[in-house]
Amino acid sequence: MLAGLFLAGLAAAASAQPGPRAAPVRVAVASMQTMAPVLVVPATVVSRADARIAAEVSGMLIWVADVGQRFAAGEMVAEVENTALKLRRPELEAEIAQQEARVEFLRSEEARLNRLATQNNAARNSLEQTRADRLVAENEALAAQARLAQLDFQLDRTRIKAPFDGAVVARLSQAGELVGPGTLVVRLLNPNRLELIARAPLDYLPYLAVGDEVEFSVAARSYRGPVRTLVAVGDENTHQFEVRIDVADTSLPVGQTARLSVPAANAREVLAVPRDALVLRPEGISVFVIDDQMTAAQVGVTTGLASGELIEVVGGVEPGDKVVVRGNERLRTGQTVTIQEPPRAAPQTATAGG
């Protein structure tokens with residue numbers, strides 16, 4: 001009798017214990033997306049303003065900016081010694097003053113002889129000579145002024161200036177060196193005007209157009225940017241075209257390698273889920289779908305196109321289904337779940353994948 005009561009008590013206690021706790025998960029909503037197959041090609045981040053600045057006059061460099069210094073357009077990045085040019089300026093100024101004084105004298109003489117020319121032939125002959133001398137003196141004065149302007153131009157060019165906002169990334173000549181017109185002095189680039197350059201086979205040119213948003217990756221990070229220009233000219237060796245992409249993230253270093261996803265066919269509508277929804281196991285790929293009773297069901301899928309964090313799935317998933325993206329590692333079919341946050345919709349702007 002006592003044994004029977006004891007067993008009955010154990011059964012009652014067991015039936016009173018709560019069932020397994022619902023598994024906490026995070027979910028996303030499967031949605032239709034526009035995607036296209038892609039070809040991934042190597043690319044490089046470059047600056048749209050990158051120049052090697054040269055000297056324009058001969059002389060000795062007396063100062064060159066340090067590497068890393070930043071300058072606004074028009075600021076000096078190097079300077080050439082200009083003492084000899086400065087010493088020529090007073091000489092040209094004196095020559096101009098002399099020519100202008102001679103012109104003034106000849107104008108006065110011309111006016112005097114013009115009054116006398118009505119009275120005698122001698123004055124008329126002198127008038128013609130004076131007029132010719134005055135014209136010569138005026139031209140010589142203009143020539144002297146032109147030489148002074150050229151000298152001022154050369155003096156200004158002894159101050160080597162930045163043609164655009166940028167930073168000095170290399171000193172190609174050092175202070176104390178003799179330079180001449182065309183001697184490279186510094187390399188200047190603007191790290192805030194970036195673009196991506198890549199080359200792809202000409203076969204894929206029809207699937208790109210200026211303004212298209214394309215995806216590229218640097219290390220493990222994905223970016224998107226518009227196609228700025230297409231250079232649709234290949235050669236007999238490479239049969240490739242060049243594509244340039246605007247880069248908004250100015251933290252990327254110039255020279256950084258990247259991978260660009262070039263569309264390889266026309267885009268099409270596909271059912272997509274976040275990559276985190278995929279459960280990869282030896283028996284295949286699957287996702288967990290949550291029904292209205294908050295119960296998980298594991299369904300097998302096959303994958304296709306991809307874009308960023310989204311990937312195409314074909315199988316037991318329908319548009320609008322809630323799929324588990326966090327907590328699916330130990331989840332089992334038939335297990336109840338609690339959603340930790342509202343379902344997040346998949347992005348609606350995927351246009352190309354890789």
Side-chain angles (χ1 to χ4, degrees), residues 28 33-52 67-70 164-170 187-232 234 238-265 267 270 272-278 280 303-312 325-326 344-354:
Q33 300 288 330
T34 302
M35 294 186 185
V38 298
L39 171 72
V40 178
V41 298
T44 305
V45 177
V46 301
S47 172
R48 292 186 60 188
D50 185 348
R52 288 164 174 79
V67 172
Q69 282 188 272
R70 290 177 175 260
F164 49 79
D165 296 348
V168 173
V169 297
R187 180 186 174 196
L188 186 77
L189 67 79
N190 188 337
N192 297 323
R193 296 184 61 197
L194 302 179
E195 66 180 358
L196 196 73
I197 294 181
R199 290 172 178 81
L202 284 166
D203 292 343
Y204 301 98
L205 181 60
Y207 308 115
L208 269 180
V210 173
D212 286 353
E213 288 276 333
V214 292
E215 182 180 336
F216 63 95
S217 62
V218 176
R221 187 173 179 184
S222 295
Y223 300 84
R224 297 188 70 82
V227 175
R228 186 176 67 82
T229 187
L230 294 169
V231 183
T238 64
H239 305 286
Q240 293 180 326
F241 68 94
E242 183 177 279
V243 56
R244 293 176 178 246
I245 314 298
D246 282 334
V247 176
D249 188 349
T250 57
S251 68
L252 293 176
V254 172
Q256 172 70 56
T257 57
R259 292 169 61 83
L260 174 67
S261 297
V262 178
V270 301
V273 299
R275 294 177 189 265
D276 289 341
L278 301 181
L280 308 179
T303 58
L305 302 179
S307 176
E309 68 172 15
L310 297 180
I311 188 166
E312 176 190 6
V325 295
R326 289 289 186 276
R344 54 186 177 92
Q348 299 297 315
T349 57
T351 57

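Please read these numbers as outputs of a predicted model, since none were measured by experiment.
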Correct closest heavy-atom pair for Gly68 and Ala167 would be O-CB, 4.5 Å
Rounded to the nearest 0.5 angstrom, the CG-CD distance for Leu260 and Glu215 is 9.5 Å
Per the side-chain hydrogen bond (donor to acceptor under 3.5 Å, both in side chains) rule, what does the pair list look like for residues 38-50, sequence neighbours excluded? Asp50-Arg187
The side chain to side chain contact (heavy atoms under 4.5 Å, CB included) partners of Ala264 (sequence neighbours excluded) come to Tyr204
Value for CG (Asp165) from CG (Leu189), rounded to nearest 0.5 Å, stands at 12.0 Å
Shortest non-hydrogen contact from Val227 toward Ala209: CB-O, 3.6 Å
To check you understand the geometry: which heavy-atom pair defines the closest contact between Ala36 and Ala267, and what is its length? CB-CA, 3.7 Å
Value for CD (Gln256) from CG (Leu194), rounded to nearest 0.5 Å, stands at 11.0 Å
List the residues meeting side chain to side chain donor-acceptor pair (under 3.5 Å) with Thr257, not counting sequence neighbours, and say none if there are none. none
Are Asp212 and Pro263 side-chain neighbours, meaning at least one heavy-atom pair lies under 4.5 Å? no
Please collect all ring-ring contact (aromatic ring centres under 6.0 Å, His included) contacts where either partner lies in residues 205-228, sequence neighbours excluded, each pair once. Phe216-Tyr223
Partners of Ala277 by side chain to side chain contact (heavy atoms under 4.5 Å, CB included), sequence neighbours excluded? Val273, Val287, Val323, Val325
Please list, chain by chain and in numerical order, all residues satisfying salt bridge (charged side-chain N to carboxylate O under 4.0 Å, His left out) with Arg228, sequence neighbours excluded. Glu195, Asp246
Any idea which heavy atoms bring Gly304 and Ile311 closest together, and the distance? O-CG1, 4.3 Å
Out of curiosity, Thr34 OG1 to Leu305 CG, how far, rounded to the nearest 0.5 Å? 11.0 Å
Residue pairs passing the salt bridge (charged side-chain N to carboxylate O under 4.0 Å, His left out) test where at least one lies in residues 199-211, sequence neighbours excluded: Arg199-Glu242
Answer whether the closest heavy-atom distance between the side chains of Val262 and Val214 falls below 4.5 Å. no
Return the set of residues passing side chain to side chain contact (heavy atoms under 4.5 Å, CB included) with Ala265 (not counting sequence neighbours), or none when no residue passes. Pro37
State, to 0.1 Å, how close Gly211 and Pro226 come at their nearest heavy-atom pair, and which atoms those are. O-CB, 4.2 Å
Look up atom CG in Leu280 and atom OG1 in Thr303, then write down how far apart they are to the nearest 0.5 Å. 8.5 Å
Any non-hydrogen side-chain atom of Pro191 less than 4.5 Å from a side-chain atom of Arg70? yes
Please report the shortest heavy-atom distance between Asp249 and Ser251, naming the atom on each side. OD1-OG, 2.5 Å
Quick test of your reading: applying salt bridge (charged side-chain N to carboxylate O under 4.0 Å, His left out), list the pairs with at least one residue in residues 254-265, sequence neighbours left out, ordered by first then second residue. none
Rounded distance [0.5 Å steps], OG1 in Thr229 versus CZ in Arg244: 7.5 Å
